[in-house]
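Have a look at the structure below before the remarks.
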Amino acid sequence: MKVELARSAGFCYGVKRAVRMAEEAAQGEKPCYMLGQIIHNDWEIRRLEALGLRLAAAPEEVPPGAAVLIRSHGEPRSVYQALEEQGVEIIDATCPNVSHIHRIVAEAEAEGRIPVIIGTPSHPEVQAIAGWCRSAVVLADGEKLEKWLKNAPEMASKPLTLVSQTTATRASWNFCVEIAKKECTNLKIFDTICNATCKRQSEAQELASRSEAMIVIGGRESSNTRRLTELCAALCPAVLWVERGEEVEPSNLYGKASIGITAGASTPGWIIKEVYDKMSAENMEIEESFAEMLEKSIKTLNTGEKVTGVVTGITPTEIYVDLGTKHAGYIPVSELSDDPTVKVEDIVKVGDEIETYVMRVNDQEGVVTLSKKRLDTVKHWDSIEQAKENKTVMEGLVTEENKGGVVVNVKGIRVFVPASQTGLPRSAAMSELVKQHVRLRITEVNRARRRVVGSIRAVQAEERAEKAAKVWAEIEPGKHYTGVVKSLTSYGAFVDIGGVDGMVHISELSWSRIKDPSEVVKVGDTVDVYVISADKEKKKISLGMKDRTEDPWAKFTSTYDVGSVANVKVVKLMTFGAFAEIVPGVDGLIHISQIADHRIDKPGDVLSEGQMVDVKITDIDYEHKKVSLSIRALLEDAKRAREDEEDTEE
């Protein structure tokens with residue numbers, strides 16, 4: 001017969017914490033009272049009473065001057081107030097997960113919301129949660145929630161905050177969430193099922209599905225043990241619920257080839273060991289993991305070990321960790337992270353599993369000092385070395401400009417990037433990279449000398465090559481791109497369209513006649529361009545920026561006709577005349593003979609580039625799109641007008 005124990009059987013960290021606090025309180029100078037059973041296990045309560053703890057059913061039973069231990073299920077706010085008025089010392093052993101729910105419902109009510117608690121109404125934990133607000137609604141399951149919303153439809157539009165008993169089943173909670181999301185319009189949902197509970201239940205179900213019989217160990221008053229039994233019974237044909245080893249009847253298990261064992265969160269290790277001893281007496285084969293778990297609680301830790309635990313509490317100075325051993329573990333905040341700006345709540349939360357490094361062990365006080373930072377450093381060096389071997393791209397923050405390069409923080413490790421590998425132009429200041437997030441390759445690692453060298457340029461080159469390949473594969477005339485102006489020349493601008501540079505000729509920058517590209521764009525500008533032509537063999541791309549939908553000639557002909565007068569800009573002087581811009585993209589010629597009403601030697605005697613002058617349109621060649629302009633015609637028109645006026649006066 002093979003026997004296997006679920007790895008998460010027995011005390012959860014919340015219960016273990018409460019029992020440890022009870023044992024410490026029993027050794028104190030003041031008489032200490034447990035306000036109700038601190039956990040749901042009569043046998044463990046009797047053991048604690050034997051150590052000197054006393055049991056009180058109500059706050060008034062605790063005499064002034066004594067100490068009182070709040071059970072792991074928690075108590076309503078009114079109980080704390082009553083105890084404070086009596087002048088007793090409060091030792092709060094409430095499970096941190098339960099305390100978290102207390103804060104949620106209290107804050108919800110303060111915001112004008114109605115707390116809705118999903119859980120067994122008679123359970124101490126649920127009653128305690130409800131006691132931290134005045135108008136909580138307690139519902140056992142999804143059916144009760146659905147019925148409540150049906151009978152009071154106005155509640156569906158009110159602000160509701162949904163929380164759960166920590167030991168609720170995942171399926172039941174998900175059903176409640178589904179109903180609430182479907183019916184309610186102003187809802188906040190907090191998944192407060194304990195991770196340890198979920199893990200315990202899933203492991204028990206997995207074990208039950210492959211066992212011919214299951215033994216569930218735990219007190220008859222324990223809610224989570226009852227749920228374990230129900231879950232196992234749905235998957236295993238034979239399930240025994242026992243409180244002590246003496247209740248196990250081996251004859252009921254004869255013929256069973258495989259037996260699984262699990263235990264509720266309130267079941268102490270010494271009771272699990274009773275069952276172990278009983279099974280061993282029957283010559284049953286016990287899984288090695290079973291024995292290992294039973295011995296775990298007395299394991300001795302050593303400096304330098306890697307250990308995994310569960311975060312049970314967080315204070316401004318340290319993080320408490322349950323290691324599943326006789327030692328109380330804690331991480332000083334200074335040993336949590338290398339980053340001085342990081343917040344504790346961004347790294348860990350109560351209930352999280354965390355891997356740490358043992359810094360110091362104090363067996364006399366039963367305390368272990370832990371460090372996450374040191375373990376992370378070791379892991380990060382490993383990842384840096386692997387990144388070099390595998391040529392993996394890493395990310396980091398440039399923290400400073402150094403002699404000959406910059407320093408990048410990659411997972412807390414300083415990586416030096418030489419100036420030639422920063423990817424910056426030679427004329428650029430390396431300070432431009434400081435406080436920038438960058439991607440780089442690790443090119444050299446010397447752990448002994450704590451030296452790491454990297455290259456940003458290598459990653460940029462690879463990324464640019466990938467982008468360029470994609471551009472060349474998809475490019476075609478007429479396709480539009482958003483690009484960045486990389487450089488300017490006298491004849492145009494070079495634009496990066498995603499790993500490939502294309503050239504916008506000066507004539508394609510604007511419909512207006514310009515002398516220099518800088519009149520339209522500058523380096524660093526983001527511009528919209530389109531492909532005029534692309535030579536994939538020669539790797540040359542011609543781009544345009546002028547809006548082809550705007551036809552300057554159409555605009556000109558719709559505005560002007562022969563005989564129209566226009567105010568134009570002289571853009572170029574020639575020996576035979578001057579070209580003037582009528583509208584952007586359409587120039588007209590003022591022949592030298594039409595510049596003045598008298599003979600001139602050259603256009604520059606009268607006109608200058610950039611000058612604005614009034615002209616008369618004397619001819620339009622629609623076929624060749626040429627326009628003739630005349631200043632002289634306007635002057636003659638003005639002269640005739642004066643003469644006509646004088647004749648009229650006579």
Side-chain angles (χ1 to χ4, degrees), residues 477-480 482 485 491-493 495 504-522 525-533 542-598 600 602-645:
K479 189 166 185 176
H480 285 253
T482 297
V485 178
Y491 52 85
V495 178
V504 184
H505 191 268
I506 189 169
S507 62
E508 293 296 334
L509 283 170
S510 172
W511 285 112
S512 299
R513 185 190 295 267
I514 58 174
K515 291 184 176 181
D516 192 274
S518 60
E519 296 177 33
V520 180
V521 294
K522 61 180 182 296
D525 281 356
T526 298
V527 294
D528 291 323
V529 295
Y530 54 86
V531 179
I532 296 175
S533 64
S542 177
L543 302 172
M545 275 180 56
K546 294 190 299 189
D547 188 349
R548 294 294 182 184
T549 62
E550 293 183 6
D551 185 351
W553 183 258
K555 182 178 180 181
F556 164 72
T557 56
S558 66
T559 307
Y560 299 99
D561 205 343
V562 174
S564 298
V565 176
N567 185 250
V568 300
K569 179 181 179 181
V570 178
V571 293
K572 193 172 184 64
L573 298 178
M574 308 293 288
T575 57
F576 53 84
F579 285 100
E581 181 184 71
I582 308 169
V583 297
V586 177
D587 292 348
L589 173 64
I590 312 173
H591 191 269
I592 190 170
S593 63
Q594 299 299 313
I595 292 176
D597 56 0
H598 59 276
I600 61 173
K602 56 183 184 297
D605 291 342
V606 178
L607 301 174
S608 60
E609 291 184 4
Q611 182 181 352
M612 300 298 297
V613 294
D614 289 332
V615 297
K616 184 176 184 178
I617 298 174
T618 57
D619 186 54
I620 299 175
D621 183 343
Y622 289 94
E623 182 180 353
H624 299 97
K625 296 184 178 180
K626 292 183 178 180
V627 183
S628 297
L629 306 174
S630 174
I631 299 173
R632 177 180 174 178
L634 281 183
L635 295 173
E636 290 176 346
D637 288 347
K639 182 179 179 181
R640 279 194 295 272
R642 286 195 302 272
E643 291 174 349
D644 290 344
E645 185 178 346

Which residues share a side chain to side chain contact (heavy atoms under 4.5 Å, CB included) with Ser507, sequence neighbours left out: His505
Partners meeting side chain to side chain contact (heavy atoms under 4.5 Å, CB included) with Lys602 (sequence neighbours left out): Asp605
Partner residues of His480 under the ring-ring contact (aromatic ring centres under 6.0 Å, His included) criterion, sequence neighbours left out: Tyr530
Pairing residues for Thr482 by the side chain to side chain contact (heavy atoms under 4.5 Å, CB included) criterion, not counting sequence neighbours: Thr526, Asp528
Qualifying side chain to side chain donor-acceptor pair (under 3.5 Å) pairs, either residue in residues 553-569, two or more places apart: Asn567-Asp614
Validation row: Leu629, Ile617 side chains within 4.5 angstrom (heavy atoms): yes
Beyond-backbone contact of Leu543 with Val531, side-chain heavy atoms, under 4.5 angstrom: yes
Salt bridge (charged side-chain N to carboxylate O under 4.0 Å, His left out) partners of Asp525, counting only residues at least two apart: Lys522
Residues forming a side chain to side chain donor-acceptor pair (under 3.5 Å) with Arg642, sequence neighbours excluded: none
Point-to-point distance, once rounded to the nearest 0.5 Å, from CZ of Arg640 to CG of Leu635: 11.0 Å
Non-hydrogen atoms of Met545 and Leu509 that approach each other most closely: SD-CD2, 3.6 Å
Glu519: partners by salt bridge (charged side-chain N to carboxylate O under 4.0 Å, His left out), with sequence neighbours left out: none
Residues forming a salt bridge (charged side-chain N to carboxylate O under 4.0 Å, His left out) with Lys479, sequence neighbours excluded: Glu474
Set of salt bridge (charged side-chain N to carboxylate O under 4.0 Å, His left out) partners for Lys515, sequence neighbours left out: Glu609
Show me the donor-acceptor pairs within less than 3.5 Å that the side chains of residues 572-590 make with the rest of the protein, sequence neighbours left out.
| unit_1 | atom_1 | unit_2 | atom_2 | d |
| --- | --- | --- | --- | --- |
| Asp587 | OD2 | Arg513 | NE | 2.9 |
| Asp587 | OD2 | Arg513 | NH2 | 2.4 |

CD1 on Ile631 to OG on Ser593, rounded to 0.5 Å: 11.0 Å
Residue list, side chain to side chain contact (heavy atoms under 4.5 Å, CB included) with Ser630, at least two apart or on another chain: Gln594, Thr618, Arg632, Ala633
